[in-house]
Participant: 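Quick one: the structure is below, and I'll ask about it shortly.
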Amino acid sequence: TMAAAFNPVIVNYSHWILSEIPFLFFSLLSLKLLLESETREQQKPGRWFWLALACIAFTAHIRAVGLALAGAGVLYYALHRKWKKLVLFSLCLALLLAPWMIRNHLARGNNGVTYTSQFLQKDIWSPEKGTVGIADLVSRIKFNIQAYSTKHFAQMIFGSENETAKGFALSAVSLLAAFLAYFGLLRNLFTTAHIFELYAISYTGVLLIWPEIWSDVRLLLPIVPLLLIYLADGAAARFLKRKLSVYPCLLYTSDAADEL
């Protein structure tokens, strides 16, 4: 929690009038509420489930990438074979998100440009190039893997404006940090598959198909607290041959958001 609180990227964006920090807060709060629902309401959905559902829908209205939370919830219920909750979660979330999506569709008119249409374009500055295909998505994934693993992970540690994060040092630190973070993430995914791991995986999947022109450390910010914990766990496993108690750390991180 302290590492996240003093992380240079989070500190930097905390004083800008942008959606990153509110999105970070409400996404962590959503995970906390969903976790409370699973620990306190084993039999049937109660107030924690409905609060989590409302918070996830609200978070998705802050930024469209909040749909990664919905994806994480669907994966969680499917993996744990909670079929009734899966259907209820999916249907209710669709109903909560539908009005705004319909409004956006109607408001754009015949020639309007939407966020989704820009996302699907090959080049947002040259719409005449058309929309992306399978080959274009593969190219995006390759580009984003390289960008995040050789640049943005180091910026996550040093700060995007720090002169330390340049050249070979940038690539070396970035590659090591990315490897350790996702090594720790996958270790926990295959052993516990908590909602935290599923959200980190779901969000990462969205990042990888993001248009190259939007690739930036800023997009990592919503999962920085989780990545820092998984990075520490990966480092402990690789270099100290010890397993970090990740779940209490994640729970404490989400509790910190809840207390705010």
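Since this is a predicted model, take the numbers as computed values, not measurements.
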Participant: Kindly assign one of parallel, tilted or perpendicular to the pair F89 and F49, based on the angle between their ring planes and the thresholds 30° and 60°.
Facilitator: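 Correct class here is perpendicular.
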Participant: Between S174 and F153, is there a donor-acceptor pair closer than 3.5 Å when you use the side chain of the first and the backbone of the second?
Facilitator: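 Checking the backbone N and O of F153 against the side chain of S174, a donor-acceptor pair under 3.5 Å is found.
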Participant: Can you list the residues that meet the salt bridge (charged side-chain N to carboxylate O under 4.0 Å, His left out) rule with K129, with sequence neighbours excluded?
Facilitator: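 Once residues adjacent in sequence are excluded, the partners of K129 under the salt bridge (charged side-chain N to carboxylate O under 4.0 Å, His left out) criterion are D123.
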Participant: Before giving the answer on side chain to side chain contact (heavy atoms under 4.5 Å, CB included), spell out for L79 and L198 the whole-Å C-alpha distance, their side-chain angles and the decisive distance to 0.1 Å.
Facilitator: CA-CA 10 Å; L79 288 174; L198 296 173; 3.7 Å; yes
Participant: Hey, quick one: are L53 and W83 part of the same hydrophobic cluster, counting side-chain heavy atoms closer than 4.5 Å, chains of contacts allowed?
Facilitator: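 Yes, one cluster joins them.
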Participant: Nearest heavy-atom pair of D233 and R187: which atoms, and what distance?
Facilitator: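 Nearest pair, atom of D233 first, then R187: OD2-NE, 3.4 Å.
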Participant: State whether a side-chain donor-acceptor pair under 3.5 Å links Y182 with T204.
Facilitator: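 The criterion, which ignores hydrogens and geometry beyond distance, is satisfied for T204 and Y182.
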Participant: Using the six-membered ring wherever Trp is involved, compare the ring planes of W214 and W210 and label them parallel, tilted or perpendicular (cut-offs 30° and 60°).
Facilitator: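 Ring orientation, 0 to 90° scale: tilted.
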Participant: Can you see which heavy atom on I209 is nearest to which on R140, and at what distance?
Facilitator: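 Shortest heavy-atom separation between I209 and R140 comes out as O-NH1, 3.0 Å.
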Participant: Using the rule that Ile, Leu, Val, Met, Phe, Trp and Tyr join whenever any side-chain heavy atoms are under 4.5 Å apart, tell me whether M101 and I62 fall into a single cluster.
Facilitator: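 Same cluster: M101 reaches I62 through Ile, Leu, Val, Met, Phe, Trp or Tyr contacts under 4.5 Å.
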Participant: Check for a donor-acceptor pair, side chain of N12 on one end and backbone N or O of P8 on the other, with a separation under 3.5 Å.
Facilitator: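 No; judged by distance alone, with no hydrogens or angles, the pair does not exist.
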Participant: Would you tell me whether H152 and Q155 have side-chain atoms, one donor and one acceptor, within less than 3.5 Å of each other?
Facilitator: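 The answer is yes; a qualifying pair exists.
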Participant: Keeping S139 on the side-chain end and A135 on the backbone end, is there a donor-acceptor pair under 3.5 Å?
Facilitator: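 It does not hold such a pair.
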Participant: What is the minimum heavy-atom distance between L18 and R218, and which atoms define it?
Facilitator: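 For L18 and R218, the tightest heavy-atom pair comes out as CD2-NH2, 4.0 Å.
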Participant: Once you round to the nearest 0.5 Å, how far does OG of S202 lie from CG of L67?
Facilitator: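 Output value for this atom pair is 9.0 Å.
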Participant: Please determine whether residues Y77 and L51 belong to a single hydrophobic cluster, defined as Ile, Leu, Val, Met, Phe, Trp and Tyr linked transitively by side-chain heavy-atom distances below 4.5 Å.
Facilitator: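 Yes; L51 is reachable from Y77 via cluster members.
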Participant: Please check if atom CD in Q146 has more than 12 non-hydrogen atoms from other residues, nucleotides or ligands closer than 6.0 Å.
Facilitator: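 Atom CD in Q146 is not crowded, with 12 or fewer foreign heavy atoms closer than 6.0 Å.
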Participant: Which heavy-atom pair separates E197 from H194 by the least distance, and what is that distance?
Facilitator: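 Heavy-atom minimum between the residues: OE1-N, 2.7 Å.
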Participant: Would you say S37's side chain and L33's backbone share a donor-acceptor pair under 3.5 angstrom?
Facilitator: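 Between the backbone of L33 and the side chain of S37 there is no qualifying donor-acceptor contact (under 3.5 Å).
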Participant: Are more than 12 heavy atoms from other residues, nucleotides or ligands located less than 6.0 Å from atom CG of L91?
Facilitator: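 Counting neighbours around CG of L91, more than 12 heavy atoms of other residues, nucleotides or ligands fall under 6.0 Å, so yes.
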Participant: Using every non-hydrogen atom in the two residues, find where A52 and L34 come nearest and quote the distance to one decimal.
Facilitator: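 Residues A52 and L34, closest heavy atoms: CB-N, 3.6 Å.
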Participant: Could you tell me which non-hydrogen atom of L227 sits nearest to which non-hydrogen atom of A181, and how far apart they are?
Facilitator: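 Scanning both residues, the minimum pair turns out to be O-CB, 3.9 Å.
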Participant: Within 45° of the six-membered ring axis of W50 and under 6.0 Å from that ring's centre, is NZ or CZ of R47 located there?
Facilitator: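 No, R47 and W50 do not form such a contact.
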Participant: Hey, is the main chain of M156 close enough, under 3.5 Å, to the side chain of N7 for a donor-acceptor pair?
Facilitator: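 Indeed, once roles are kept as given, a pair shorter than 3.5 Å links the two residues.
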Participant: Quick one: does any side-chain atom of N144 pair with a main-chain N or O of L207 as donor and acceptor, under 3.5 Å?
Facilitator: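 Such a contact is found between N144 side chain and L207 backbone.
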